[in-house]
**Q** 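Here it is, the structure, as structure tokens.
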Amino acid sequence: MRNGDTAGYEQTYARSLDDPEGFWEEAAEAVHWGQRWVKVLDDRNPPFYRWFSGARLNTCYNCVDLHVEEGRRKQTAIIYDSPITGDVARITYGELLELVSRFAGVLRGLGVEKGDRVLIYMPMIPQALVAMLASARLGAVHSVVFGGFAASELATRLEDAEPKVVVTASCGIEPSGVIEYKPLVDRAFDLVSEKPQACVVYQRPQATATILPGRDHDWEELMRSAVPAGPVLVEATDPLYILYTSGTTGKPKGVVRDNGGHAVALKWSMKNIYNVGPGEVFWAASDVGWVVGHSYIVYAPLLVGAATVVFEGKPVGTPDPGVFWRVIQEHKVKALFTAPTAMRAIRREDPKGSHLQKYDVSGLRALFLAGERLDSDTFHWASDLLKRPVIDHWWQTETGWAICANCMGLDPLPVKAGSPTKPVPGYDARLLDSTGQPVPPPAEGLLAIRLPLPPGCLTTLWQNDEGFIDSYMREYPGFYVTGDGGYIDEDGYVFVMGRVDDVINVAGHRLSTGRMEEVISQHPDVAECAVVGIADGLKGHVPLGLVVVKLGSTTEPEQLVNEIRSLVRQQIGAVASFREVVLVHRLPKTRSGKILRSTIAKIADKRPFSIPSTIDDPSTLDEIQDVLAARAR
Ligand code: COA
Ligand code: AMP
């Protein structure tokens with residue numbers, strides 16, 4: 001049996017683990033290579049496994065040129081729909097080829113060559129995809145930064161990735177108004193020691209950015225005079241992009257993805273997980289700044305020759321909770337991928353689904369949800385409303401594609417609410433206890449993946465091999481530790497219960513509580529602080545800050561709380577949704593000085609908790625209980 005055939009999930013899964021090289025070699029036939037591999041899995045230097053070593057390809061060629069050469073020049077590649085501006089545009093594969101070739105020429109003209117970094121800070125407009133693909137075309141390495149991040153977060157990423165060129169737009173548009181990007185970029189340039197050589201600005205009609213002569217360039221002007229550039233072959237193992245994600249410390253981790261394994265895995269996933277193929281419309285309602293955007297707005301749909309929807313809007317308020325159903329009808333979307341938060345937002349405003357009745361969504365085959373735990377209520381609500389499969393799938397920035405899913409292109413399994421089903425072929429998911437021993441059902445443990453990871457997963461952290469090992473591999477040799485806890489039931493279904501570290505998911509956005517603590521501590525009146533994630537009916541989790549004020553501080557409490565809120569907003573960004581701050585006299589700690597964050601979170605969520613035996617002073621919990629109870633009233 002070949003892995004592309006509609007085989008049973010169980011057989012396919014077993015084969016992927018019994019013969020990973022054979023399995024992925026077959027999948028690799030779907031990709032266009034400039035040179036074939038010498039070794040499918042190069043395992044000479046664990047845990048730095050490399051897929052398709054010796055092979056050469058160009059990812060942009062596979063996403064664009066190949067389809068034009070195969071006769072799909074006139075087929076739609078990108079559908080841009082902005083309920084915020086009222087614009088709808090379609091870009092064919094032929095037009096996309098013209099745009100990316102030209103923009104690759106622009107980048108080359110600014111000195112970008114294979115291996116150089118290009119930082120992209122853009123809203124949800126087609127030019128963001130063009131910039132990413134153009135970078136890939138030259139064999140450069142892009143690093144896209146989510147538009148909701150503040151200047152200092154952008155600066156941290158500039159400092160680490162050391163891009164030659166920054167690509168941005170004059171503004172993003174949020175329901176709250178126009179957000180000018182250029183002042184943020186300028187500020188980030190000021191903050192870094194090694195400045196990028198150039199900045200390309202796409203001017204949108206809603207705001208005009210100031211162009212700094214010598215450094216800044218107008219996108220359209222450069223495009224007019226650019227010499228189109230062809231695809232540059234790179235090693236399969238060369239980096240395609242760096243995507244920074246939140247870790248447990250304040251410093252974001254630069255997840256590195258390769259070219260070859262990425263193309264193979266994503267192409268395989270489109271058929272086998274999402275069951276979407278050439279000419280069909282796939283919509284990932286996320287943002288290019290997140291991993292979902294990288295994989296399923298940009299690369300995967302284009303790798304298979306589908307059309308991808310670039311949606312610049314929100315599930316509600318742009319203009320109403322029917323916008324998702326309108327987009328599905330208007331653009332004939334076959335599969336929608338979004339975060340559970342989006343469904344909760346729609347449900348909150350339209351619990352009976354009356355907006356859905358106005359649209360014909362009969363073409364939609366399935367709804368895929370990821371980014372945070374899918375609660376049973378939302379699962380049942382969406383399933384009952386849409387009357388088609390609602391697929392919970394679990395993955396992370398690091399893996400780049402789903403670890404667990406109900407694979408719609410294989411024969412789908414029965415669903416269990418609360419579970420993203422079983423591991424996807426290629427992933428040997430295990431449950432470990434704190435000593436690294438396997439945990440039998442029904443106990444909870446740490447979710448880990450036995451090495452090697454399948455193609456498409458991170459190959460290292462940017463210029464930080466040691467950090468890669470320390471973060472994911474050191475604790476349990478031979479395994480990749482996901483940072484999520486959960487359990488695996490008797491039928492092999494995986495249940496992901498949440499992070500076991502200091503990472504939280506706010507509206508499907510991954511944030512580090514450690515980073516927020518770092519920022520709050522900068523306030524001169526703050527002696528110490530703790531940030532925990534607490535349950536929120538809409539966003540899944542939101543951060544709550546507990547702050548101990550310095551003795552002698554004369555700032556009024558209300559003012560202090562406001563100053564702390566705006567500090568987080570300025571330094572991390574509005575996306576942190578940091579609003580809840582309480583002032584306390586002491587933080588509960590263990591005798592060794594570790595803040596009891598999970599106990600605080602349980603108290604805030606009114607969940608049962610026990611007083612840890614390691615607590616230094618149990619009376620500290622009394623104040624926390626009082627303060628948090630007062631806050632709830
Ligand atoms: N650029 C600038 N600012 C941005 C931004 C961007 N790209 N994205 C979000 N923000 C800002 C918002 O304007 C908001 O600012 P405010 O505090 O001034 O209102 C803040 O960041 C929080 O935004 P958001 O997380 O979108 O929350 P919201 O309360 O505005 O909307 C939802 C709530 C549920 C509608 C929204 O979170 C949503 O659509 N979630 C879908 C989840 C998703 O796409 N996840 C991606 C991973 S799959
Ligand atoms: P990110 O790296 O931003 O994609 O966030 C990854 C984290 O989101 C995971 O480690 C999980 O904690 C959480 N997550 C993603 N998908 C799911 C899911 N289907 N169920 C539960 N948690 C999820």
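In what follows, residues are counted from 1 in the order of the sequence shown. Values in this document were obtained by computation on a predicted structure and should not be read as measured data. Atoms within a ligand are numbered from 1 in the order they appear, just like the ligands themselves. What you see below is based on every heavy atom in this structure, not just the backbone, and it leaves out hydrogens, waters and symmetry mates.
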**Q** Do side-chain atoms of N406 reach the backbone of P412 as a donor and acceptor pair under 3.5 angstrom?
**A**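 Not at all, since once roles are kept as given, no pair shorter than 3.5 Å links the two residues.
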**Q** Heavy atom under 4.0 Å from ligand 1: found in H509's side chain, backbone, both, or neither?
**A** side chain
**Q** Identify, for atom 27 (O) of ligand 1, the protein heavy atom at the shortest distance, and state residue, atom and that distance.
**A**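 Here the nearest protein heavy atom works out to K539 NZ, 3.0 Å.
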**Q** Can R373 and D375 be counted as an ion pair, charged N to O under 4.0 angstrom?
**A** no
**Q** I'd like to know if atom 31 (O) of ligand 1 has any protein heavy atom within a distance of less than 4.0 Å.
**A**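 Protein heavy atom within 4.0 Å of atom 31 (O) of ligand 1: absent.
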**Q** N/O of W290 under 3.5 Å from N/O of ligand 1, yes or no?
**A**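 The answer is no, given that W290 and ligand 1 share no N or O pair closer than 3.5 Å.
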**Q** Checking R204 against Y181: charged group under 6.0 Å from the ring centre and within 45 degrees of the axis?
**A**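 Verdict for Y181: no cation-pi partner in R204.
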**Q** Can you list the steps and then say if L567 with F578 is a side chain to side chain contact (heavy atoms under 4.5 Å, CB included)?
**A** CA-CA 10 Å; L567 201 58; F578 184 78; over 6 Å; no
**Q** With heavy atoms of V292 as the reference, note each atom of ligand 1 found under 4.0 Å away.
**A** 48 (S)
**Q** Atoms of ligand 1 less than 4.0 Å from G508 heavy atoms?
**A**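 Contacts of ligand 1 toward G508, numbered from 1: 47 (C).
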**Q** Could you go through the side chain to side chain contact (heavy atoms under 4.5 Å, CB included) check for T341 and N505 one step at a time?
**A** CA-CA 10 Å; T341 304; N505 270 286; over 6 Å; no
**Q** Taking only heavy atoms of R569, which atoms of ligand 1 are found under 4.0 Å from at least one of them?
**A** 16 (P), 17 (O), 18 (O)
**Q** Should the pair H262 and Y299 be assigned to parallel (<30°), tilted (30 to 60°) or perpendicular (>60°) ring geometry?
**A** perpendicular
**Q** Which residue and non-hydrogen atom of the protein lie closest to atom 46 (C) of ligand 1, and at what distance in Å?
**A**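 Of every protein heavy atom, S286 OG, 3.6 Å lies nearest to atom 46 (C) of ligand 1.
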**Q** Give the numbers and elements of all ligand 2 atoms closer than 4.0 Å to a heavy atom of V496.
**A** 21 (C), 22 (N)
**Q** Tell me whether T482 has any N or O atom under 3.5 angstrom from an N or O of ligand 2.
**A** no
**Q** Scan F311, Y80, Y274 and name whichever one has a ring-ring contact (aromatic ring centres under 6.0 Å, His included) with W283.
**A** F311
**Q** Answer with side chain, backbone, both or neither: which part of W395 has a heavy atom less than 4.0 angstrom from an atom of ligand 2?
**A** backbone
**Q** Which atoms of ligand 1 sit under 4.0 Å from any heavy atom of Y181?
**A** 1 (N), 7 (N)
**Q** Among all protein heavy atoms, pick the one closest to atom 3 (O) of ligand 2 and tell me residue, atom and distance.
**A** R510 CB, 3.2 Å
**Q** At a 4.0 Å threshold, what atoms of ligand 2 neighbour a non-hydrogen atom of H393?
**A**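 Counting from 1, the qualifying ligand atoms are 16 (N), 18 (C), 19 (N).
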**Q** Check for a donor-acceptor pair, side chain of Y244 on one end and backbone N or O of A161 on the other, with a separation under 3.5 Å.
**A**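 Side chain of Y244 to backbone of A161: a pair is present.
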**Q** Suppose we measure from atom 20 (N) of ligand 2 to each protein heavy atom; which comes out shortest, and what is that distance?
**A**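 Heavy-atom neighbour on the protein nearest atom 20 (N) of ligand 2: E372 O, 3.4 Å.
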**Q** Tell me if the CZ atom of R388 is crowded by more than 12 foreign heavy atoms within 6.0 Å.
**A** yes
**Q** I'd like to check which ligand 1 atoms, numbered from 1 as shown, lie under 4.0 Å from a non-hydrogen atom of T341.
**A** 34 (C)
**Q** Can you tell me if R257 and Y241 form a side-chain donor-acceptor pair at under 3.5 Å?
**A**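 The criterion, which ignores hydrogens and geometry beyond distance, is satisfied for Y241 and R257.
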**Q** Could you check atom 5 (C) of ligand 1 against the protein and tell me its nearest heavy-atom contact, residue, atom and distance included?
**A** E174 OE2, 3.4 Å
**Q** For side chain to side chain contact (heavy atoms under 4.5 Å, CB included), just list the numbers for D392 and F379, CA-CA rounded to whole Å, side-chain angles, deciding distance to a tenth of an Å, and then say yes or no.
**A** CA-CA 8 Å; D392 178 14; F379 167 74; 5.7 Å; no
**Q** What is the closest protein heavy atom to atom 41 (C) of ligand 1, and at what distance does it sit?
**A** A342 CB, 4.1 Å
**Q** Looking at V255, V291, I403, T245, which hits side-chain contact (heavy atoms from CB on, under 4.5 Å) with Q396?
**A**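 Among V255, V291, I403, T245, the one that satisfies the side-chain contact (heavy atoms from CB on, under 4.5 Å) with Q396 is I403.
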**Q** Please work out which of S577, P315, A507 has its closest non-hydrogen atom nearest to atom 43 (C) of ligand 1.
**A** A507
**Q** Enumerate the atoms of ligand 2 whose separation from the nearest heavy atom of T397 is less than 4.0 angstrom.
**A**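 Within the 4.0 Å cut-off of T397, ligand 2 contributes 1 (P), 2 (O), 3 (O), 4 (O).
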**Q** Any protein heavy atom sitting closer than 4.0 Å to atom 36 (C) of ligand 1?
**A**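 No, no protein heavy atom sits under 4.0 Å from atom 36 (C) of ligand 1.
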**Q** A574 heavy atoms, cut-off 4.0 Å: which ligand 1 atoms fall inside?
**A** 11 (C), 15 (O), 20 (C), 21 (O), 22 (C)
**Q** Mind checking whether G371 has a heavy atom under 4.0 Å from ligand 2?
**A** yes
**Q** Identify the closest protein heavy atom to atom 12 (O) of ligand 2: which residue and atom is it, and at what distance?
**A**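 Here the closest protein heavy atom is D484 OD1, 2.6 Å.
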**Q** State the atoms of ligand 2, each with its element, that fall below the 4.0 Å cut-off from a heavy-atom position in D392.
**A** 18 (C), 19 (N)
**Q** Any Lys/Arg nitrogen of R510 or E398 sitting under 4.0 Å from an Asp/Glu carboxylate oxygen of the other?
**A** yes
**Q** Considering only the protein, which heavy-atom contact is closest to atom 7 (C) of ligand 2, and what is its distance?
**A**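 The closest one turns out to be N505 ND2, 3.7 Å.
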**Q** Do F368 and M408 pass the side chain to side chain contact (heavy atoms under 4.5 Å, CB included) test, and can you show the C-alpha distance, the side-chain angles, and the key distance before you say yes or no?
**A** CA-CA 10 Å; F368 294 86; M408 290 289 102; 3.7 Å; yes
**Q** Within a distance under 4.0 Å of any heavy atom of R579, pick out the atoms of ligand 1 and give their elements.
**A**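 Within the 4.0 Å cut-off of R579, ligand 1 contributes 17 (O).
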**Q** Taking 4.0 angstrom as the limit and counting only heavy atoms of A285, give me the atoms of ligand 1 inside it, by number and element.
**A**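 Going through ligand 1 atom by atom, the ones under 4.0 Å from A285 are 44 (O).
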**Q** Check each of Y13, W401, W395 against Y427 using the ring-ring contact (aromatic ring centres under 6.0 Å, His included) test, and report the only one that passes.
**A**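 Going through Y13, W401, W395 one by one, the ring-ring contact (aromatic ring centres under 6.0 Å, His included) with Y427 is satisfied by W401 alone.
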